[in-house]
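Reading through the structure tokens given below for one structure.
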2 protein chains.
Amino acid sequence: MSPSTGVRETQRRRTRRALLDAALSLLEERSLGSLGLREVTRAAGVAPTAFYRHFRDMGELGTALVEEALASLHTTVRDVLAATGDSERRGEAAVRLVAELVRTRPAHVRFLVRERHGGVAAVREAIADQLDVFAEETGAALAADPVSAGWAGQDVTMLSRLLVDHMFMTASAFLAATLRGEDWTAATRTALGQLRLIHLGRVHWPG
Amino acid sequence: MSPSTGVRETQRRRTRRALLDAALSLLEERSLGSLGLREVTRAAGVAPTAFYRHFRDMGELGTALVEEALASLHTTVRDVLAATGDSERRGEAAVRLVAELVRTRPAHVRFLVRERHGGVAAVREAIADQLDVFAEETGAALAADPVSAGWAGQDVTMLSRLLVDHMFMTASAFLAATLRGEDWTAATRTALGQLRLIHLGRVHWPG
DNA sequence: CCTTTCGGGTAACAGTTGTTCACTGACTAC
DNA sequence: GTAGTCAGTGAACAACTGTTACCCGAAAGG
């Protein structure tokens, strides 16, 4: 029944959280592959051996982080797709939600951006699989849009992949702007312009 | 005068090449941050201390790889920009040249894609700086195009950033396809479609 | 020819790594 | 109340890390 209560379970969850948070903060300026088990446990304030009670190795901790990070992303994507109004407004909503995600969970977003093409195969594949799901959902939403009437199926997926990738581009741009001490107005304007351009191309696509 | 001949200099260059190649091959499935100095020298067949004759640390070796990789990329970008014909043909040329680059120097391309957002700050910045240069060049070429008549400067850079990022997306897609054992027809079609979509948006941009 | 330069190798260093084993003690289930 | 479970600890291990100081031998410069 996996009780959500119980003193023991609570403590277990607490240290697991400590491990994940420690890793996440170390990953701000490092990559997962260069992270040491002892390093993480030290930052989390537990003994090295406690690590094994929760994860087999660092790759498994990594995929746990992927699940966490993409859970937030998933709600964001769903919100965007569910947004009503013309595609112009929907683009604005998308950029706004990405911005909010980066603002509230910068470490998670940075982790995703960095490890998407990173050096740990298991993590790479976990992210890629989830992004495929996102692209598929986006494609379904696009196909339901009257603008896409008469589009070939492969053209829809072509566009949805572009949009998903653009989401990552935008998130990365926000992170970079923060790192340079800039505010986000320029990055926001760029992202909005690009979405608008893509939207224009979509409207005039020979369907 | 830095003689290009001389027995000593050739040997020096040979081991330097061995170090870079060893690192490059180790980086096929790892990231730079997780790479050890001894590991590289072992793979290169030289003593650990020989490393210091060429690089201060692994970050410096990384930036050397960035220079190498981006030298090839630079010629590719210039070729694309210099290509004549309408934007449709130019897009095809771009995809073809990226494909050729990935085919002839897969390790270098993978290195760029991986370390662009990777865990070594010096390398990240070196890549970002070069990409800024590329974006600027692309912007200049776009501005010279009659299609961009009346465009605001920031809109031009907005588009050029999108194109540069799309180049990376495409390269990454080719690498992923190879990894899965697929051929490149699907990835090529996707990339071409996306460029065509962007081009359509460009034509109908309110200038 | 003799001296200097210098790329590479050897040996050693203190420190860190991942992993194991046995152990504790508080919680849980009956 | 009592037996069992189990998250976390402590000590120990061989292996490996980056870095240093010193040495070697051949090429380079005069």
Side-chain angles (χ1 to χ4, degrees), chain A residues 1-27 29-65 118-123, chain B residues 1-27 29-65 118-123:
Chain A
M1 262 297 152
S2 71
S4 60
T5 171
V7 181
R8 207 170 226 166
E9 191 65 15
T10 321
Q11 255 298 339
R12 175 177 166 84
R13 273 205 250 272
R14 189 197 306 279
T15 52
R16 184 187 149 98
R17 197 90 283 282
L19 287 171
L20 290 172
D21 287 342
L24 219 37
S25 84
L26 286 170
L27 285 170
E29 7 194 306
R30 312 253 314 272
S31 67
L32 185 64
S34 71
L35 217 57
L37 180 152
R38 295 183 99 106
E39 202 174 357
V40 173
T41 56
R42 197 182 309 132
V46 298
T49 47
F51 184 91
Y52 294 104
R53 301 287 183 197
H54 300 270
F55 311 102
R56 190 180 306 277
D57 52 28
M58 289 292 301
E60 204 169 289
L61 182 143
T63 62
L65 282 178
V120 181
V123 172
Chain B
M1 261 297 152
S2 70
S4 60
T5 170
V7 181
R8 209 169 223 167
E9 190 65 16
T10 33
Q11 255 297 341
R12 175 178 167 83
R13 272 205 249 273
R14 187 198 308 278
T15 52
R16 184 186 150 98
R17 196 88 285 280
L19 286 171
L20 290 173
D21 288 342
L24 218 38
S25 83
L26 287 170
L27 284 171
E29 13 194 302
R30 313 255 312 274
S31 67
L32 185 64
S34 72
L35 217 57
L37 181 151
R38 295 183 99 106
E39 202 174 358
V40 172
T41 56
R42 198 181 308 132
V46 297
T49 47
F51 184 91
Y52 294 105
R53 303 282 183 200
H54 299 270
F55 311 104
R56 191 180 307 277
D57 50 28
M58 288 292 301
E60 205 169 289
L61 181 142
T63 62
L65 283 178
V120 182
V123 172

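In the text below, chain A, chain B and the rest are named by the order of the sequence lines, each starting its count at 1. Computed from heavy atoms alone, side chains included, the values below leave out hydrogens, waters and symmetry copies.
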Legend entry - Any residue of residues 29-48 of chain B with a heavy atom less than 4.0 Å from an atom of DNA chain C: B:Arg38, B:Val46, B:Ala47

Inset, instruction - Please round to the nearest 0.5 Å and tell me the distance separating atom CG of A:Leu20 and atom CG of A:Leu27. - result: 10.5 Å

Inset, instruction - Working to the nearest 0.5 Å, report the span between CZ of A:Arg13 and CZ of A:Arg8. - result: 14.5 Å

Legend entry - Side chain to side chain, A:Phe51 and A:Val46, heavy atoms closer than 4.5 Å: no

Legend entry - Heavy-atom pair with the smallest gap, counting every atom of A:Ala18 and A:Ala44: O-CB, 3.6 Å

Inset, instruction - Please say which of A:Leu26, A:Leu61, A:Val120 ends up in a side chain to side chain contact (heavy atoms under 4.5 Å, CB included) with A:Leu35. - result: A:Leu26

Legend entry - Terminal helix-axis angle for the helix from C:dC1-D:dG30 to C:dC30-D:dG1, with five pairs defining each axis and rounding to 10 degrees: 30°

Legend entry - Distance below 4.0 Å between B:Thr15 side-chain N/O and C:dG8 OP1 or OP2: yes

Legend entry - Contact list for residues 32-47 of chain A, test salt bridge (Lys or Arg N to Asp or Glu O under 4.0 Å), sequence neighbours left out: A:Arg30-A:Glu39

Inset, instruction - Could you state the atom-to-atom distance from CD of B:Glu9 to P of C:dT5 in whole Å? - result: 17 Å

Inset, instruction - To the nearest 0.5 angstrom, please state how far the CG atom of B:Asp21 sits from the OG1 atom of B:Thr15. - result: 11.5 Å

Legend entry - Interface residues of residues 49-57 of chain B with DNA chain C (non-hydrogen, below 4.0 angstrom): B:Thr49, B:Ala50, B:Arg53, B:His54

Inset, instruction - Tell me what B:Arg8 touches on the nucleic acid: a base, only sugar-phosphate, or nothing, going by heavy atoms under 4.0 Å. - result: base

Legend entry - All pairs passing salt bridge (Lys or Arg N to Asp or Glu O under 4.0 Å) where residues 48-59 of chain A contributes a residue, at least two apart: A:Arg56-A:Glu60

Inset, instruction - Find out whether B:Leu37 and B:Phe55 are in side-chain contact, i.e. whether some heavy atom of one side chain is under 4.5 Å from a heavy atom of the other. - result: no

Inset, instruction - To the nearest 0.5 angstrom, please state how far the CG atom of A:Leu65 sits from the CE atom of A:Met58. - result: 8.5 Å

Inset, instruction - Using chain B heavy atoms and a threshold of under 4.0 Å, write down where along DNA chain D the contacts begin and end, 5' to 3'. - result: D:dT17 to D:dA28

Inset, instruction - Give the rounded distance in Å between these two atoms: CD of A:Gln11 and P of C:dC27. - result: 9 Å

